[in-house]
Amino acid sequence: MGVYEELVARGLIAQVTDEKEIRELVNNGKAVFYIGFDPTADSLHVGHFMALCLMKRLQMAGNKPIALIGGGTAMIGDPSGRTDMRQMMTKETIEHNVSCFREQMSKFIDFSDDKALMVNNADWLLDLNYVEVLREVGACFSVNNMLRAECYKQRMEKGLSFLEFNYMIMQSYDFYALYQKYGCNMQFGGDDQWSNMLGGTELIRRKLSKDAYAMTINLLLNSEGKKMGKTQKGAVWLSAEKTSPFEFYQYWRNVDDADVIKCMKMLTFLSLDEIEEYAKLEGSEINKAKEVLAFELTKLIHGEEEATKAQEGARALFVSGNDTENMPSTTLSDDDFTEGEISVLDLLIKCSLIPSKGEGKRLITQGGVSIDDAKVTEIFAKLSLKDFEKGYVVIKKGKKVFHKAVK
RNA sequence: GGGAGAGUUCCCGAGUGGCCAAAGGGGGCAGACUGUAAAUCUGUUGGCAGUGCCUUCGGUGGUUCGAAUCCACCCUCUCCCA
């Protein structure tokens, strides 16, 4: 089975421009492909992880990946898949984000010995001359066609600025530039990028009379059709500072039954045969598969040691009771105590478990807070230093959130 | 440039002078049931202090005892005409 067939079997491929050609290139390690990443935050998140996985799989099959960081296109803002206008980002923010991306990616993709490249489209986009671009590139685009593209259609009601309208042209120009510079013959991206990617193949055909290919990967959607990797607090990040390994592990440990196998196929490097075995599990047995999924992913992102810690921590908490070793924790100082006491509400705030005291009161009233296994029943309950005699207390919020307060 | 309309709390969306911290739905959170799942049911959903205060209905001023609601100007968006 070639790598292309494997991608299909894992349910990763959404659309391709020319299946035969792409299979041929990819399976024989002849592809030089690029994937673009918009530096809209200072860390990569789960959505990017799919793309990174794909890069790695293809790299292992002998193809050469180019990670393109959109330092230039971020100045414009991609309207695809968005119903509202993007906030304009400052140059400084973009530069900061670019360097964060660079660091995270190099942990995952092998950039040594020219096996992969990392480029920033700011290097060629920012110096373009407006009139020149219009004549060279603008002439190749039909506004009529652009307006028919799905990504703009959605915006026709809510409004689309000329700035954003140009995003497709800039992305197309990237492909064109990479083709000439590095012989990049293929572009991958999320399925919402389809029209932008076609713009690039079309531009290359017109300008150079050469064929280039595009392929989109399925977005990671849950059984309800919503994008995965988002929590109420925001995205699930790959950096340990923004999403701790424990939280990361828990996110995957808690996915719906219906989504476990799909996630395994799309995100892990477990063999398809092995995954088939997990797919046979039923009922509460599915929990085993969830543990494997969570462990494998945490290992990929944070390393085996952290993954083991997260797994043991979770098992201890949920199965056997109270191992506090790997629990997220907050250290309290003397200033947090008034006359040797701290109120439960202040404690919860200090540990960032609640955003406001009103929320805390509600939680306590509804029986959602326990400290050292004792349910807190009084909203103005206080803890004294005596309660910290063993050095910490364990706070339980709801059923799944555990936190250790150390003194 | 001319004309018409819109901007409400996390999101959608009601509200056209006091009964509005603002209906309803979605989402979130908590409880029950469970398998750290789903479905279902219940409660809850601006902040701070215990019943009152503060901040919030695009922005800034104004009218009024009292404004999300009326007036003026401004900003943003949509539609029609050019």
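In the text below, chain A, chain B and the rest are named by the order of the sequence lines, each starting its count at 1.
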Touch class at under 4.0 angstrom, heavy-atom based, for A/Leu160 against every strand present: sugar-phosphate
Sugar-phosphate only, base, or nothing, as touched by A/Lys288 at under 4.0 Å among non-hydrogen atoms: nothing
Rounding to a whole Å, what distance do you find between [X]:[atom1] and [N]:[atom2]?
X        : N      : atom1 : atom2 : answer
A/Phe248 : B/rU36 : CZ    : P     : 22 Å
A/Met264 : B/rA37 : CE    : P     : 18 Å
A/Asn287 : B/rG35 : CG    : C1'   : 5 Å
A/Ile261 : B/rA37 : CD1   : P     : 18 Å
A/Arg315 : B/rG35 : CZ    : P     : 18 Å
A/Glu359 : B/rA30 : CD    : C1'   : 9 Å
A/Lys399 : B/rA37 : NZ    : P     : 6 Å
A/Lys400 : B/rG35 : NZ    : C1'   : 11 Å

Check every atom of [options] against the side chain of [X] and return the nucleotide holding the closest atom.
X        : options                : answer
A/Ser356 : B/rU36, B/rG47, B/rA38 : B/rG47
A/Leu363 : B/rC48, B/rA30, B/rU36 : B/rA30
A/Ile286 : B/rG35, B/rC48, B/rU36 : B/rG35

Do [X] and [Y] get their side chains close enough for a donor-acceptor pair, meaning under 3.5 Å?
X        : Y        : answer
A/His403 : A/Thr330 : yes
A/Asn166 : A/Tyr173 : no
A/Ser244 : A/Glu247 : yes
A/Asp174 : A/Gln187 : no

[atom1] atoms of [N] and [M], separation to the nearest Å:
N      : M      : atom1 : answer
B/rU40 : B/rA22 : P     : 28 Å
B/rG17 : B/rU51 : C1'   : 26 Å
B/rC10 : B/rC70 : P     : 23 Å
B/rG47 : B/rC41 : P     : 27 Å
B/rU56 : B/rG46 : C1'   : 7 Å
B/rC19 : B/rC81 : P     : 44 Å
B/rU60 : B/rC53 : P     : 24 Å
B/rA23 : B/rC57 : C1'   : 14 Å

Non-hydrogen atoms of A/Trp237 and A/Ser43 that approach each other most closely: CZ3-O, 3.2 Å
Any ion pair linking [Y] and [X] (charged N to carboxylate O, less than 4.0 Å)?
X        : Y        : value
A/Glu132 : A/Arg135 : no
A/Asp346 : A/Lys382 : no
A/Glu312 : A/Lys309 : no
A/Lys288 : A/Glu285 : yes

Taking N or O atoms only and anything under 3.5 Å, show me the protein contacts with nucleotides 79-81 of chain B, one pair per line.
residue : atom : partner  : partner atom : Å
B/rC79  : OP1  : A/Met156 : O            : 3.4

Geometric class of the A/His48/A/Phe101 ring pair [parallel <30°, tilted 30-60°, perpendicular >60°]: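 Aromatic pair A/Phe101/A/His48 classed perpendicular.
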In Watson-Crick or G-U wobble terms, both distances under 3.5 Å, what is the partner of [N]?
N      : answer
B/rA72 : B/rU60
B/rU36 : none
B/rC79 : B/rG3
B/rC20 : none

Dump the pairs, protein N or O against N or O of nucleotides 41-45 of chain B, anything under 3.5 Å, distances to one decimal.
residue : atom : partner  : partner atom : Å
B/rG43  : N2   : A/Gln366 : OE1          : 2.8
B/rG43  : N3   : A/Gln366 : OE1          : 3.4
B/rU44  : O4'  : A/Gln366 : NE2          : 3.1
B/rU44  : O2'  : A/Arg362 : NE           : 3.0

Nearest-nucleotide 5' precedence on RNA chain B, A/Glu285 against A/Lys397: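 Per heavy-atom nearest nucleotide, the more 5' residue is A/Lys397.
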Whichever of A/Gly368 and A/Ile379 has its nearest RNA chain B nucleotide further upstream toward 5':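 Its nearest nucleotide lies further toward 5', so the answer is A/Gly368.
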Sub-4.5 Å side-chain heavy-atom contact between A/Gln193 and A/Gln171: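 A side-chain contact under 4.5 Å exists here.
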Over 12 foreign heavy atoms within 6.0 Å of NZ, A/Lys390: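 Counting neighbours around NZ of A/Lys390, more than 12 heavy atoms of other residues, nucleotides or ligands fall under 6.0 Å, so yes.
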Under 4.0 angstrom between A/Lys290 side-chain N/O and B/rU36 OP1 or OP2: no
